[in-house]
A.B. asks: 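This is the structure I want to talk about, given as structure tokens.
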Amino acid sequence: MLVNGDVIFEPVVREPITGGNVTINGLDSSQAGMVERQLSSSEATIIVRLAP
């Protein structure tokens, strides 16, 4: 997942993403806060790349 061109993390998808909601596990509270701030920014350009 890239935000403003920077890779913020590379998650492993373990089950289908349905309904437009995801749960991200394995982050500590500091990491989760950083990701939340980056994804919440109205100015953010978010790109999700899927690999087979």
A.B. asks: Looking at every heavy atom in both Q38 and V3, which two are closest together, and how far apart are they?
C.D. replies: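 In this case the closest contact between Q38 and V3 is O-CG1, 3.9 Å.
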A.B. asks: Is there a donor-acceptor contact under 3.5 Å from the side chain of D6 to the main chain of I8?
C.D. replies: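 No; judged by distance alone, with no hydrogens or angles, the pair does not exist.
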A.B. asks: Ignoring hydrogens, what is the shortest heavy-atom contact between I17 and N21? Give both atom names and the distance.
C.D. replies: CG2-O, 3.9 Å
A.B. asks: Would you indicate whether the side-chain heavy atoms of L27 and V35 approach each other to under 4.5 Å?
C.D. replies: yes
A.B. asks: Nearest 0.5 Å, what's the CE-CG distance between M1 and L39?
C.D. replies: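 Going from CE on M1 over to CG on L39, the span is 5.5 Å.
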A.B. asks: Between R49 and L2, is any pair of side-chain heavy atoms under 4.5 Å apart?
C.D. replies: yes
A.B. asks: Going only through I, L, V, M, F, W and Y residues with side-chain contacts under 4.5 Å, is there a path from V48 to M34?
C.D. replies: yes
A.B. asks: Hey, is the main chain of T45 close enough, under 3.5 Å, to the side chain of N4 for a donor-acceptor pair?
C.D. replies: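 Yes, because the side chain of N4 sits within donor-acceptor range (under 3.5 Å) of the backbone of T45.
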